[in-house]
Amino acid sequence: MRKLGIMKSTFSLLALMTLAGPISASQFKALVFTKTEGWQHDSIPAGVSAVNALSKLHNFEVVHSNTADVFEESNLSQFDVVVFLLTTGDVLNEQQQDAFQKFIRQGKGYVGVHSAADTEHDWSWYRGLVGRTFLIHPEIQSAKVDLLEKGFPGTETMPSRFLWTEEYYGYSAEHCDRLNYILSVDETTYNAEADWGEVKSSGMGEFHPLAWYQHYDGGRAFYTGLGHIAASYSDDMFKSHLYGGIYWAATGKGVDTE
């Protein structure tokens with residue numbers, strides 16, 4: 001009789017599981033990469049914590065690494081998107097670069113945050129992936145930011161123009177002609193001049209982009225210049241912006257073309 005009772009209990013549990021449906025799977029899997037070979041941002045822990053919180057809110061998986069050993073072809077195959085979160089300098093060797101190229105060419109995604117544009121300056125393929133390269137920046141200031149594309153994921157809560165405090169990067173010319181721009185900063189609302197001795201800048205002029213996306217070499221790439229300040233990662237609007245980029249790069253979904 002005891003054995004029969006156990007069998008009935010097991011059957012009842014299986015029945016309940018069947019009625020409840022399959023356990024919900026995660027939407028996608030992201031690798032958050034934070035290796036630095038130059039300046040190291042104090043905001044990296046806040047950024048990692050923010051992505052972990054977003055993963056719980058939006059049901060995706062996250063693995064974090066600050067070493068490049070994870071850039072191995074069979075290991076990368078488990079991920080849908082790689083987030084270069086505040087990386088700097090030459091962070092990948094040739095074999096790791098090859099593995100990452102294959103990852104993108106398989107239709108996967110890249111997200112670059114802030115100093116991701118100050119990464120792998122000598123690798124032409126990566127320069128094309130990120131879209132523009134960091135050159136110089138003035139002091140941290142508040143400025144007016146303009147929303148250029150309302151249909152991109154994560155822009156739903158953004159006003160058409162808003163005040164934001166940031167370390168506003170000056171960028172190179174485009175490395176490719178496929179960039180779709182999401183945000184720009186109005187240089188008339190802050191002092192864009194910077195003087196680093198051999199490197200000087202009076203700003204980028206009338207059009208100063210901050211965030212963009214593109215299809216690149218079979219995959220998807222999103223970049224945002226926001227995210228220098230640690231407190232930014234507690235801001236709901238910024239977190240929506242960051243998740244929108246991760247979501248689109250991982251899935252290719254969410255762009256409103258109307």
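Keep in mind that what you see is a predicted model, and the values were worked out from it rather than measured.
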Donor-acceptor contact below 3.5 Å, side chain W39 vs main chain G89
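No; judged by distance alone, with no hydrogens or angles, the pair does not exist.
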Side-chain contact test, heavy atoms from C-beta onward, threshold under 4.5 Å: evaluate it for S172 versus R132 and give yes or no.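 S172 vs R132: side chains touch.
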TODO: Kindly indicate whether the side chain of L183, heavy atoms from C-beta on, has any atom under 4.5 Å from the side chain of H241.
DONE: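 With C-beta onward as the side chain, the pair touches.
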**Prompt:** Going by an N to O cut-off under 4.0 Å, is there a salt bridge joining D146 and R161?
**Reply:**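 Yes, charged N to carboxylate O under 4.0 Å.
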From F71, F79, F33, Y126, residue fulfilling ring pair (Phe, Tyr, Trp, His ring centres under 6.0 Å) relative to F100:
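Going through the options one by one, the only one that passes is F71.
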Exercise for review: Run through F28, F222, W212, Y213 and flag the one making a ring pair (Phe, Tyr, Trp, His ring centres under 6.0 Å) with W248.
Suggested key: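 Among the candidates, only Y213 passes.
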side-chain hydrogen bond (donor to acceptor under 3.5 Å, both in side chains) partner of N75, the single match among E73, Q78, E72: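 The option that passes is Q78.
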Can a side-chain donor-acceptor contact be found between T133 and H121 if the only test is distance below 3.5 angstrom?
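Checked: H121/T133 side chains show no N/O donor-acceptor pair below 3.5 Å.
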message = Checking D217 against W125: is there a side-chain donor and acceptor pair closer than 3.5 Å?
response =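 Side-chain D/A pair, W125 to D217: present.
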If you group Ile, Leu, Val, Met, Phe, Trp and Tyr by side-chain heavy-atom gaps below 4.5 Å, do L210 and I136 land in one group?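 Hydrophobic grouping puts L210 apart from I136.
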* In the single-linkage hydrophobic clustering (I, L, V, M, F, W, Y; side-chain heavy atoms under 4.5 Å), do Y223 and L31 co-cluster? ->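 Hydrophobic grouping puts Y223 with L31.
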Exercise. Of all heavy-atom pairs between F238 and L226, which one has the smallest distance, and what is that distance?
Worked result: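 The answer is CE1-CB, 3.5 Å.
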- Item | Y243-H58 aromatic ring centre distance below 6.0 Å |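 Aromatic pair counts; centres sit under 6.0 Å.
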